[in-house]
Amino acid sequence: MTAVTAVTDHWDHSDHTGDNEGRGERGRREGREGRGGPGGHEGREGRRGRGKGEHARVADEDDGSEADPRDGADDASVDADSETAWDDGLIARRVSDTAEGQAMPEKVVDTKPPTVTPLAYDGSLRSRLDALRELVGLSRTRLDSKTLAEAGRVLDEAAARRRLSGQHTVVAIAGATGSGKSQLFNALAGVAISETGVRRPTTAAPIACSWSDGAASLIDRIGIPGRLRRRPLQSPEAEAQLGGLVLIDLPDHDSAAVQHREHVDRILALVDAVIWVVDPEKYADAVLHERYLRPMAGHAEVIFVVLNQVDRLPGEAADQVLDDLRRLLDEDGIALGEYGEPGASVLALSALTGDGVGELREALGHFVARRAAATRRISADLDAAAARLWPVYATERRTGLSEEAREEFADRLADAVGATAAGEAAERAWLRNANRACGTPWLRLWRWCQDRYDLMPGRLPVRTQADEEATARQRVEQAVRTVVEQAAGGLPTPWAQAVREAAVRGAQGLPEELDELAARAGSPAGRPPRPGWWPAAVLAQASMTIFQVIGGLWLLGQIIGFMSPNLGVPVLLMAIGIVGGPLVEWACKLAARGPARRYGQEAEQRLREAAASCGRANVLDPVAAELLRYQEVREQYARVTGVGASVG
């Protein structure tokens with residue numbers, strides 16, 4: 001007869017002290033009914049309930065299932081076990097193979113908490129986690145919290161797992177209703193721990209089984225209470241093969257009870273590895289593949305897929321179903337660990353007959369012995385988080401503002417403020433000043449009259465100042481829109497929006513500021529500067545005017561008889577003055593074209609530089625700052641993905 005006894009845990013008293021009285025009563029009742037066995041075993045449960053009610057424990061599940069009737073095998077075994085405290089808070093089970101029902105010799109258990117070695121991440125994984133943490137920090141002001149939620153969860157879980165034992169591997173057994181996962185759980189443990197039967201769902205709450213001490217904090221993290229923690233069959237072979245394994249039997253993932261599915265989804269995000277148990281009837285279930293296996297395709301190295309109940313398949317049908325299962329997994333994107341390649345392990349077995357269970361136990365033993373499942377799981381979670389963040393960080397196009405785009409923006413702003421027109425106006429002003437200084441008096445008089453005529457009422461320019469300002473504002477807005485589209489082109493949507501917002505904020509008040517700059521940076525007040533040859537030209541023009549005046553007065557004196565007749569000299573003087581004045585003016589115009597053009601170009605360049613500086617400070621610099629931030633987060637994202645170079 002096999003006897004399984006429950007050992008109390010002094011760490012979990014707070015969860016069960018309220019049930020002591022009930023346990024004592026049940027013990028008395030069971031004692032009267034003789035459940036403890038023949039002879040001296042009768043009434044043992046009653047004595048245990050009355051004498052040790054403060055420390056009693058039962059292993060009932062959340063659904064209220066009865067305790068295993070084999071619990072009352074031996075008085076000595078119970079008394080000894082009830083005083084033994086497991087350091088990690090697990091309920092221990094011991095099995096005796098003697099036909100007389102005598103207990104196995106007690107194994108002395110040290111109540112001192114074992115030394116737990118925290119999980120250690122390698123340099124590459126630490127670097128990727130640091131990059132993800134930096135990435136999230138840089139992105140909080142640009143991305144919504146929902147987008148960053150998964151990345152934050154991965155960081156939290158990685159930090160939490162790193163503080164816990166690195167010597168243990170937490171493996172969950174998941175499956176659909178009737179797949180036989182609880183039966184497989186019991187077969188691996190070597191003792192009936194999880195309830196099996198025809199009632200569905202059978203597993204109402206997750207149950208944990210640990211092959212070694214020191215896993216209490218890991219099980220606490222998953223949220224499994226002390227009354228649902230078990231010990232497997234104690235044997236040197238099992239401890240040597242599966243030492244460090246923490247096995248969890250999950251509720252059915254397709255259970256009608258919402259709470260059961262919530263348990264499955266929550267725990268699957270916390271364990272190091274998963275054993276998916278499928279049966280010949282539901283191995284192609286769409287819910288299993290679409291909701292669980294396909295999203296976990298990147299976690300192939302920490303996944304076992306077990307085809308259970310192969311004893312129900314005749315002949316070669318098991319191999320055919322197994323091949324079809326591999327095909328479905330391949331369609332889900334799950335790499336299969338065949339021919340030495342990393343990937344999911346696919347096995348066929350029968351938990352009922354034990355066929356293939358040894359192969360799974362051996363594979364689990366090698367898997368746990370490597371102690372790499374936790375880091376692989378974190379790395380896979382990191383890959384999945386990076387894949388979800390791809391649309392908001394990566395781009396296939398080259399991003400940023402080229403020099404050509406910057407120059408085009410400056411040209412558009414220069415056109416908006418009329419830099420070219422201002423340069424031409426400055427050139428005309430220089431020539432006009434030259435004409436005033438070097439032109440003939442008669443031409444200057446005519447131009448003065450023309451200017452006076454242009455300023456008369458009713459002769460205003462057709463294009464009003466308001467129209468010019470409206471046109472300039474439209475040009476500025478068009479310039480901003482153009483440069484923003486060039487800068488945001490190819491960026492992921494959040495960063496493109498951030499670039500647009502930065503440009504719009506900077507463009508507010510830009511037309512008014514450009515108008516002020518145009519007024520300050522245009523032609524300087526007063527007359528344009530004069531070259532050194534201007535005094536000689538003015539002297540020559542004055543000499544021509546004097547020749548005309550002298551010749552005219554000379555002729556006038558001869559006409560009135562004041563002077564003796566002599567037409568040659570006065571006519572010659574007048575001819576020199578009349579012809580020489582325009583010649584001097586024409587020569588001055590030729591000489592003034594170069595300085596006037598340079599003067600106009602300088603005025604235009606000043607205005608262009610002022611407009612470009614204003615546009616750069618208000619629009620280009622904020623846009624460049626956003627692009628630089630995006631470049632920085634893209635580099636961090638590349639570190640998260642592990643490629644070590646910028647993406648896109």
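Treat the numbers as computed from the prediction; the structure is a model and nothing was measured. Starting from 1, each residue takes its place in the sequence as its number.
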Worksheet item: E150 versus V154: any side-chain heavy-atom pair under 4.5 Å?
Response: yes
Discussion item. Quick one, L247 with I173, criterion side-chain contact (heavy atoms from CB on, under 4.5 Å). Give me CA distance, side-chain angles, the key distance, then yes/no.
Written reply: CA-CA 7 Å; L247 198 61; I173 297 184; 3.7 Å; yes
Worksheet entry | Heavy-atom side-chain contact between L360 and L188 under 4.5 Å | yes
Worksheet item: With a cut-off of 6.0 Å (strictly less than), are more than 12 heavy atoms of other residues, nucleotides or ligands near CD of E477?
Response: yes
Discussion item. Working note: E262 + R266, criterion side-chain contact (heavy atoms from CB on, under 4.5 Å); need CA distance, chi angles, decisive distance, verdict.
Written reply: CA-CA 6 Å; E262 291 176 349; R266 179 182 61 83; over 6 Å; no
Discussion item. Checking H253 against D265 for the side chain to side chain donor-acceptor pair (under 3.5 Å) test, could you report, in this order, the C-alpha distance in whole Å, the side-chain angles of both residues, the deciding distance, and whether it holds?
Written reply: CA-CA 8 Å; H253 72 77; D265 294 343; over 6 Å; no
Practice prompt. Please report the shortest heavy-atom distance between Y121 and A158, naming the atom on each side.
Written response: OH-O, 2.8 Å
Item to complete: Let me see the working for E134 and R639 under salt bridge (charged side-chain N to carboxylate O under 4.0 Å, His left out), right down to the final yes or no.
Response: CA-CA 10 Å; E134 184 72 16; R639 289 181 56 201; over 6 Å; no
Fill in: Pairwise salt bridge (charged side-chain N to carboxylate O under 4.0 Å, His left out) hits with a residue in residues 314-323, at least two apart
D323-R326
Item to complete: Show your reasoning for whether side-chain contact (heavy atoms from CB on, under 4.5 Å) applies to L143 and V392.
Response: CA-CA 8 Å; L143 304 178; V392 297; 4.0 Å; yes
Discussion item. Regarding D144 and T147, do their side chains bring together a donor and an acceptor under 3.5 Å, going by distance alone?
Written reply: yes
Worksheet, complete the sentence: Taken to the nearest 0.5 Å, the spacing of I219 CD1 from L164 CG works out to 11.0 Å
Worksheet item: Side chains of D279 and S179: donor-acceptor distance under 3.5 Å anywhere?
Response: no
Worksheet entry | Rounded distance [0.5 Å steps], CD in E632 versus CG in L627 | 13.0 Å
Worksheet item: What distance do W276 atom CH2 and L325 atom CG have between them, rounded to the nearest 0.5 Å?
Response: 13.0 Å
Worksheet item: Are F304 and L364 side-chain neighbours, meaning at least one heavy-atom pair lies under 4.5 Å?
Response: yes
Fill in: Short N-O contact, R377 and E301, less than 4.0 angstrom
no
Item to complete: Answer whether the closest heavy-atom distance between the side chains of R406 and L620 falls below 4.5 Å.
Response: yes
Worksheet entry | E408/R412 ion pair, N-O < 4.0 Å | yes
Item to complete: Look up atom CD1 in I248 and atom CG in L250, then write down how far apart they are to the nearest 0.5 Å.
Response: 6.5 Å
Fill in: Check: N618 side chain, C614 main-chain N or O, donor-acceptor pair, under 3.5 Å
yes
Discussion item. Treating S165 as the side-chain partner and A215 as the backbone partner, does any N or O pair qualify as donor plus acceptor under 3.5 Å?
Written reply: no
Worksheet entry | Beyond-backbone contact of E626 with R142, side-chain heavy atoms, under 4.5 angstrom | yes
Discussion item. Rounded to the nearest 0.5 Å, what separates atom CZ in R327 from atom CG in L336?
Written reply: 12.5 Å
Worksheet item: Residues in side chain to side chain contact (heavy atoms under 4.5 Å, CB included) with D272, at least two apart?
Response: R161, T169, V170, A373, A374
Discussion item. If we ignore hydrogens and angles and just use 3.5 Å, is the side chain of S139 paired with the main-chain N or O of V136 as donor and acceptor?
Written reply: no
Worksheet entry | Residue pairs involving residues 177-188 (criterion salt bridge (charged side-chain N to carboxylate O under 4.0 Å, His left out); sequence neighbours excluded) | K181-D249, K181-D252
Fill in: Check: Q478/R475 side-chain N/O donor and acceptor closer than 3.5 Å
no
Discussion item. Between the side chains of D130 and R133, is the shortest nitrogen-to-carboxylate-oxygen separation below 4.0 Å, so that they form an ion pair?
Written reply: yes
Fill in: Side chains of V619 and L510 in contact at under 4.5 Å (non-hydrogen atoms)
yes
Worksheet item: Can you find a side-chain donor-acceptor pair between H168 and S210 that sits under 3.5 Å?
Response: no
Worksheet item: Do the charged groups of D285 and R291 touch, with an N to O distance under 4.0 Å?
Response: no
Fill in: salt bridge (charged side-chain N to carboxylate O under 4.0 Å, His left out): pairs with one or both residues in residues 494-510, sequence neighbours excluded
E485-R500
Practice prompt. Could you tell me whether R140 atom CZ has more than 12 heavy atoms of other residues or ligands within 6.0 Å of it?
Written response: no
Worksheet entry | Residue list, side chain to side chain contact (heavy atoms under 4.5 Å, CB included) with E290, at least two apart or on another chain | A286, R294
Practice prompt. Quick one: do R128 and D383 satisfy side-chain contact (heavy atoms from CB on, under 4.5 Å)? Show the steps, please.
Written response: CA-CA 10 Å; R128 295 179 63 194; D383 292 338; 2.4 Å; yes
Discussion item. For W495 and Y393, take the angle between the two ring planes, folded into 0 to 90°, and tell me which bin it lands in: parallel under 30, tilted 30 to 60, perpendicular over 60.
Written reply: tilted
Practice prompt. Report the distance from atom CD of E407 to atom CD of E404, rounding to the nearest 0.5 Å.
Written response: 7.5 Å
Worksheet item: Where is the tightest heavy-atom contact between H299 and A380, given as atom of each residue plus distance?
Response: CD2-CB, 3.3 Å
Worksheet item: Do Q167 and R371 have side-chain atoms, one donor and one acceptor, less than 3.5 Å apart?
Response: yes
Worksheet item: Is there a donor-acceptor pair closer than 3.5 Å between any side-chain N or O of Y292 and the backbone N or O of V287?
Response: no
Worksheet item: Any ion pair linking R229 and D220 (charged N to carboxylate O, less than 4.0 Å)?
Response: yes
Fill in: Audit row: D254, K282, salt bridge (charged side-chain N to carboxylate O under 4.0 Å, His left out) steps and yes/no
CA-CA 11 Å; D254 59 349; K282 294 184 179 180; 3.5 Å; yes
Practice prompt. For residues 340-359, pull every pair meeting salt bridge (charged side-chain N to carboxylate O under 4.0 Å, His left out), keeping only residues two or more places apart or in separate chains.
Written response: none
Worksheet item: Below 4.5 Å, heavy atoms only, C-beta onward: do I207 and R230 meet side chain to side chain?
Response: yes
Discussion item. For the residue pair S217 / R163, report whether a side-chain donor-acceptor contact shorter than 3.5 Å exists.
Written reply: no
Worksheet item: Q241 versus E362: any side-chain heavy-atom pair under 4.5 Å?
Response: yes
